Amino acid sequence: MKNIQLIGLIMVVAGSFLPLVHVPVIGNWNYWKIDHYLAVTCWVLSAGALFGIVNNSGKMTKIFGILLILLFLFTLFAVKVQAAEYFSFMPFKSWQNKLAGIVKIKWGWIVEFLGAFIIIFTKNNNKL
């Protein structure tokens, strides 16, 4: 089952390069364009999960998988809050909400979450 966890890890790393957020006029953003520190954090947590997979440490792998999911949830929340704050200069709250709504979440998040869930929920049958 180690191979399935590695596929999940590859999905997480590849998902960080896929379009995650669409900002009109500017285009699609991946993790690196959203925030450099969040991208590096994603890759460091992925490296920790890889270390756990290679060393057959199921507990470590699950911890890093859960941390990846928490990072993704934090990033989604931060994107929505930042989009709302960016348009705070508008005089009416309905205008702010309408303009903040034009920032769309893209399909890359499906790959990110699916990879992290694969890392967490795959059982390791290799007992040493």
Side-chain angles (χ1 to χ4, degrees):
M1 292 302 165
K2 192 189 286 191
N3 293 336
I4 295 174
Q5 286 181 325
L6 287 174
I7 290 171
L9 184 69
I10 290 169
M11 289 174 68
V12 168
V13 172
S16 67
F17 295 104
L18 296 174
L20 301 174
V21 177
H22 177 74
V23 181
V25 179
I26 297 174
N28 293 327
W29 286 2
N30 56 19
Y31 240 128
W32 191 256
K33 288 183 181 177
I34 291 174
D35 187 60
H36 300 282
Y37 297 112
L38 290 175
V40 170
T41 304
C42 176
W43 297 334
V44 167
L45 292 176
S46 296
L50 177 65
F51 184 75
I53 292 169
V54 169
N55 290 325
N56 289 328
S57 175
K59 193 173 191 178
M60 179 186 292
T61 305
K62 287 186 190 304
I63 289 172
F64 279 108
I66 291 169
L67 289 174
L68 280 167
I69 289 177
L70 291 175
L71 175 71
F72 300 153
L73 291 173
F74 171 75
T75 305
L76 284 171
F77 177 73
V79 164
K80 287 297 186 182
V81 168
Q82 186 64 28
E85 288 294 317
Y86 186 75
F87 295 106
S88 65
F89 65 89
M90 299 301 283
F92 301 111
K93 190 74 168 165
S94 63
W95 291 2
Q96 291 174 9
N97 293 336
K98 185 73 167 170
L99 288 174
I102 64 174
V103 175
K104 300 290 183 194
I105 303 299
K106 297 298 281 187
W107 59 273
W109 288 110
I110 296 170
V111 177
E112 291 278 5
F113 278 106
L114 186 61
F117 282 126
I118 288 172
I119 291 171
I120 293 172
F121 293 118
T122 303
K123 300 277 186 195
N124 192 357
N125 293 338
N126 297 341
K127 302 290 184 196
L128 296 177

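Keep in mind it's a predicted model, so treat the numbers as computed, not measured.
- In the hydrophobic clustering of this structure, F117 groups with I63; members are Ile, Leu, Val, Met, Phe, Trp, Tyr whose side-chain heavy atoms approach within less than 4.5 Å, directly or through other members.
- The 12-atom threshold is not exceeded at CD1 of I110, counting heavy atoms of other residues, nucleotides or ligands nearer than 6.0 Å.
- Annotation: the span from K106 atom NZ to L18 atom CG amounts to 11.5 Å, rounded to 0.5 Å.
- The same ILVMFWY cluster, assembled from side-chain heavy atoms under 4.5 Å apart, contains both V12 and F121.
- Note: the hydrophobic cluster containing L73 also contains Y31 (ILVMFWY, side chain heavy atoms under 4.5 Å, direct or indirect links).
- Atom-to-atom distance recorded for W107:CH2 and L20:CG is 9.0 Å, nearest 0.5 angstrom.
- Counting heavy atoms from C-beta outward, Q5 and I118 have side chains that stay 4.5 Å or more apart.
- Listed by chain and number, the residues in a side-chain hydrogen bond (donor to acceptor under 3.5 Å, both in side chains) with S46 amount to none (sequence neighbours excluded).
- Taking 4.5 Å as the limit, every side-chain heavy atom of L67 sits out of range of all side-chain heavy atoms of L71.
- Contacts of N30 classified as side-chain hydrogen bond (donor to acceptor under 3.5 Å, both in side chains), with partners at least two apart in sequence or in another chain: none.
- Residues satisfying the ring pair (Phe, Tyr, Trp, His ring centres under 6.0 Å) criterion with W43, sequence neighbours excluded, are F17, W32.
- For the atom pair L68 CG and L45 CG, the distance stands at 5.0 Å (nearest 0.5 Å).
- Here ring-ring contact (aromatic ring centres under 6.0 Å, His included) pairs that include residues 45-75, with residues two or more places apart or in two chains, are F72-F113.
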Candidate pair N56 and T61, rule side chain to side chain contact (heavy atoms under 4.5 Å, CB included), full reasoning: CA-CA 8 Å; N56 289 328; T61 305; over 6 Å; no
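- In terms of heavy-atom proximity, N28 sits nearest to P19 at CB-CB, 3.7 Å.
- Note: N3 CG to T122 OG1 = 10.5 Å, rounded to the nearest 0.5 Å.
- Residues that satisfy the ring pair (Phe, Tyr, Trp, His ring centres under 6.0 Å) test with W29, not counting sequence neighbours, are absent from this structure.
- Residues N55 and M60 fail the side-chain proximity criterion, which asks for heavy atoms closer than 4.5 Å.
- With a 4.5 Å cut-off on side-chain heavy atoms, M11 and I7 count as touching.
- Nearest heavy atom pair, residue S16 against residue E112, reads N-OE2, 2.7 Å.
- No continuous path of hydrophobic side-chain contacts links I69 to V13 [ILVMFWY only; heavy atoms under 4.5 Å].
- At least one side-chain heavy atom of I105 sits less than 4.5 Å from a side-chain heavy atom of K80.
- Annotation: side-chain contact (heavy atoms from CB on, under 4.5 Å) contacts of I66 (sequence neighbours excluded): L70, I120.
- Taking CG from L9 and CD1 from I119, the interatomic distance works out to 5.0 Å, rounded to the nearest 0.5 Å.
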